[in-house]
Student: 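Dropping a structure here in structure tokens format, bear with me for questions.
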2 protein chains.
Amino acid sequence: MTQQTRPGGVQSVGRALDILELIDQSGGEMALVEMSAASGLPMPTIHRLVRTLVDRNYLRQLPDRRYALGSRLIPLGNAALDAFGSRSSSKLADVVRRLGESANLAALDGDMLVYVGQAPSPRAMRMFTQLGQHVHPHCRAAGKALLAQLDDDAVRGILDRVGMPKVTEATITDPDEFIEHLARVREEGVAHEYGEMEDGVICLALPVVGGVSRLALSISGPAARMTDALQERAIPVMREVAGELAVQLAG
Amino acid sequence: MTQQTRPGGVQSVGRALDILELIDQSGGEMALVEMSAASGLPMPTIHRLVRTLVDRNYLRQLPDRRYALGSRLIPLGNAALDAFGSRSSSKLADVVRRLGESANLAALDGDMLVYVGQAPSPRAMRMFTQLGQHVHPHCRAAGKALLAQLDDDAVRGILDRVGMPKVTEATITDPDEFIEHLARVREEGVAHEYGEMEDGVICLALPVVGGVSRLALSISGPAARMTDALQERAIPVMREVAGELAVQLAG
DNA sequence: TTCCATTATTCCGTATTATGGAGTGTAAAT
DNA sequence: ATTTACACTCCATAATACGGAATAATGGAA
């Protein structure tokens with residue numbers, strides 16, 4: 001029972017996608033019985049769906065008859081990443097050049113935050129961000145910047161569904177407090193994050209408005225380097241680049 | 001009419017995958033009518049499938065009502081890449097540092113060769129390899145290294161099914177000649193490729209034995225730089241790294 | 001602005017298609 | 001050799017996806 005069947009959708013397609021996501025969540029490989037147990041579907045049904053996915057290389061069968069994600073997903077993932085914002089990398093590199101800290105571009109994917117563009121800082125100590133990684137939005141500056149663009153009810157819905165895990169001491173875990181926090185983000189037009197995702201890491205984010213899909217531009221670095229002075233210097237730079245990105249990603 | 005319906009497969013799932021691939025091939029976005037035309041399926045059918053994919057974030061609808069690949073594909077693509085062997089990149093970078101030429105890691109995916117890891121040469125003129133790209137194995141050093149591990153009948157089956165397109169003047173297009181060629185690869189333990197994929201490009205590959213899935217490590221560069229001296233120097237380095245990779249990817 | 005052509009979306013009766021219980025095959029464990 | 005556990009196949013059933021026809025939304029032309 002991974003996903004609810006939506007009205008107007010195609011059942012078997014939904015089930016096939018469930019299988020892909022199930023395998024992904026289970027660390028990359030799964031036996032047929034495990035899928036059957038996890039999804040609540042009988043073995044023959046699972047088997048037929050898996051067979052279809054294997055025929056098309058979306059899954060592959062390992063020598064021990066277990067199943068793993070297939071290679072056809074790789075080019076699709078790359079293409080999707082491109083379509084989102086890899087054309088942004090030169091702009092992100094620009095931010096890094098001018099501020100010296102890692103820059104990221106993130107989008108809301110359903111209820112989670114996904115990183116779609118990234119430029120690492122040249123410094124040895126820097127944030128490591130995996131493109132395509134899905135993370136909880138409540139403990140990231142970029143997540144706040146994006147959620148601040150939704151109305152409170154929508155935000156509450158998201159927080160309800162995915163929860164607010166306490167990642168560090170500073171993580172906001174109370175929905176009411178978070179919503180209040182978002183109000184300040186809306187006022188300032190900038191989202192801050194002080195060690196809510198990782199101790200000693202400070203992030204700054206602002207929304208890229210006007211683009212195709214709602215994106216947020218963020219920078220992150222260790223507290224020692226993310227001084228108030230740097231933050232003040234960063235905001236106009238980020239605003240400028242966010243504007244350029246909005247134009248660039250609109251077409 | 002993108003793909004033939006296989007026996008035992010689920011029709012609607014196949015059609016959904018067709019749509020994803022269609023959009024990928026069409027440069028990332030498509031209107032419903034275009035999909036309908038390209039697939040030969042009526043609009044309502046396409047619409048229902050697309051709807052299912054949009055609900056699940058495998059597609060997203062742009063403001064102009066066209067459709068593009070969705071963000072849910074990104075983590076799946078990453079996971080698939082990982083499952084294949086992208087944890088290899090530091091080792092590949094090592095090869096590049098020591099030899100100065102681009103290094104790749106490739107696997108057989110069904111009958112085709114797929115690149116699962118890559119480290120580009122620092123030189124301006126270098127091979128451009130797209131991760132996840134599927135190519136014919138007969139005109140790549142890595143493909144030869146992998147096919148050399150199969151028996152001749154299996155190789156003949158693959159060549160039959162995917163064909164041996166003549167990519168350059170040097171491409172081997174005769175199955176018998178190719179099989180004979182593989183015998184030499186087995187003797188030497190190294191696969192060579194002299195401009196069979198692109199004029200003036202020389203590649204060298206050897207198998208990574210012992211890993212989970214059969215992989216091949218290759219380097220490639222322009223003929224002017226891939227001198228006999230470099231090749232001789234390269235082979236022990238590659239053998240060493242291939243050994244390390246085998247250990248690393250076994251767990 | 002209105003009109004028209006094009007495309008997206010919804011409806012719904014039909015029968016094609018996916019379903020899953022029962023049964024067979026296979027490989028590893030005891 | 002026997003058991004167990006899982007992968008895989010078959011096939012009658014009906015639930016599900018299908019697609020023709022109708023409707024709504026859109027963007028461009030007059």
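A note on names: the letters A, B, ... follow the listed sequences, proteins ahead of strands, and every chain is numbered from 1. All values derive from a computational prediction rather than experimental measurement.
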Student: Select from Ser12(A) and Met43(A) the residue whose nearest nucleotide in DNA chain D is closer to the 5' end of that strand.
Tutor: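 Nearer the 5' end of the strand: Met43(A).
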Student: Under 30°, 30 to 60°, or over 60°: which ring-plane class applies to Phe178(A) and His181(A), parallel, tilted or perpendicular?
Tutor: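 The rings of Phe178(A) and His181(A) lie parallel, inter-plane angle below 30°.
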Student: Atom CD of Glu34(A) and atom P of dA5(D): how far apart are they, to the nearest Å?
Tutor: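 Distance check: Glu34(A) CD to dA5(D) P gives 15 Å.
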Student: How about Leu146(A) and Pro137(A): do any of their side-chain heavy atoms sit closer than 4.5 Å?
Tutor: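 Not in contact.
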Student: Answer with base, sugar-phosphate or nothing: what part of the nucleic acid does Gln61(A) contact at a heavy-atom distance below 4.0 Å?
Tutor: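 The residue Gln61(A) makes sugar-phosphate contact but no base contact.
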Student: For the side chain of Thr52(B) and the backbone of Val10(A), is there at least one donor-acceptor N/O pair under 3.5 Å apart?
Tutor: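 A pair under 3.5 Å: yes.
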Student: Which is more 5' along DNA chain D, the nucleotide nearest Arg66(A) or the one nearest Val13(A)? Just name the residue.
Tutor: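 The answer here is Arg66(A).
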Student: Look at the side chain of Arg51(A) and decide which nucleotide, out of dT9(D), dG20(C), dA17(D), has an atom nearest to it.
Tutor: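 When the side chain of Arg51(A) is considered, dT9(D) is the closest of dT9(D), dG20(C), dA17(D).
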Student: Nearest to the Thr45(B) side chain among dT7(C), dG19(D), dG20(C), which nucleotide is it?
Tutor: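 Ranking dT7(C), dG19(D), dG20(C) by closest atom to the Thr45(B) side chain puts dG19(D) first.
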Student: Expressed as a whole number of angstroms, how long is the span from Leu41(A):CG to dG21(C):P?
Tutor: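 Taking atom P of dG21(C) as the reference, CG of Leu41(A) is at 11 Å.
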Student: Go through dA8(C), dC18(D), dT9(D) for me and flag the one nearest to the His47(A) side chain.
Tutor: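 Closest nucleotide to the His47(A) side chain: dT9(D).
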Student: For dT7(C), does OP1 or OP2 lie under 4.0 Å from any side-chain N or O of Tyr67(B)?
Tutor: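 Checking dT7(C) against Tyr67(B), no side-chain N or O comes under 4.0 Å of OP1 or OP2.
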Student: Using atom CG of Leu49(B) as one end and atom P of dA8(C) as the other, report the distance to the nearest whole Å.
Tutor: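 Whole-Å distance recorded here is 15 Å.
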Student: Heavy atoms only, 4.0 Å cut-off, all strands: where does Pro42(B) land among base, sugar-phosphate and nothing?
Tutor: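 Contact class for Pro42(B): sugar-phosphate only.
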Student: Where do Val162(A) and His136(A) come nearest, in terms of heavy atoms and distance?
Tutor: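 Heavy atoms of Val162(A) and His136(A) come nearest at O-NE2, 3.0 Å.
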Student: Quick check for you: among dA7(D), dA21(D), dG20(C), whose closest atom lies nearest to any side-chain atom of Leu32(A)?
Tutor: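 The answer is dA7(D), which lies nearest to the side chain.
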Student: Between C1' on dA7(D) and CD on Glu29(A), what's the gap in Å once rounded to a whole number?
Tutor: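 Whole-Å distance recorded here is 16 Å.
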Student: Classify the nucleic acid contact of Arg15(A) as base, sugar-phosphate or nothing, counting any heavy atom under 4.0 Å across all strands shown.
Tutor: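 Since only primed, P, OP1 and OP2 atoms lie under 4.0 Å of Arg15(A), the category is sugar-phosphate.
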Student: With a 3.5 Å cut-off and heavy atoms only, can you find an N or O donor on one side and an acceptor on the other between the side chain of Arg65(B) and the base of dG27(D)?
Tutor: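 No, the side chain and the base share no sub-3.5 Å donor-acceptor pair.
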Student: Count the heavy atoms of every other residue, nucleotide or ligand shown that sit under 6.0 Å from CD of Glu180(A), and state whether that count exceeds 12.
Tutor: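 12 or below, so no.
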Student: Round to the nearest Å and state the distance from Asp64(B) atom CG to dA8(C) atom P.
Tutor: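 Interatomic distance, CG of Asp64(B) to P of dA8(C): 10 Å.
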Student: Check the phosphate of dA18(C) against Arg48(A), side-chain N and O only, distance under 4.0 Å to OP1 or OP2. Yes or no?
Tutor: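 Answer is no, no contact under 4.0 Å.
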Student: Measure from CD1 on Ile46(A) to P on dT9(D) and round the result to the nearest Å.
Tutor: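 Going from Ile46(A) (CD1) to dT9(D) (P), I get 16 Å.
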Student: From the set dG20(D), dA18(C), dA8(C), return the single nucleotide nearest to any side-chain atom of Val10(B).
Tutor: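 Given the options dG20(D), dA18(C), dA8(C), the side chain of Val10(B) is closest to dA18(C).
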Student: Mind calculating the distance between CE (Met35(A)) and P (dA5(D)) to the nearest angstrom?
Tutor: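 Those two atoms, CE and P, are 19 Å apart.
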Student: For a quick test of reading the model, state the closest non-hydrogen atom pair linking Val190(B) to Arg239(B) and the distance between them.
Tutor: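 It is CG2-NH2, 3.8 Å.
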Student: Nearest to the side chain of Gln11(A), which nucleotide is it out of dG21(C), dC18(D), dA17(D)?
Tutor: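 My answer, after comparing the listed nucleotides, is dA17(D).
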Student: Over how many whole Å does the gap from Ile19(B) atom CD1 to dA17(D) atom P extend?
Tutor: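 Between P of dA17(D) and CD1 of Ile19(B): 14 Å.
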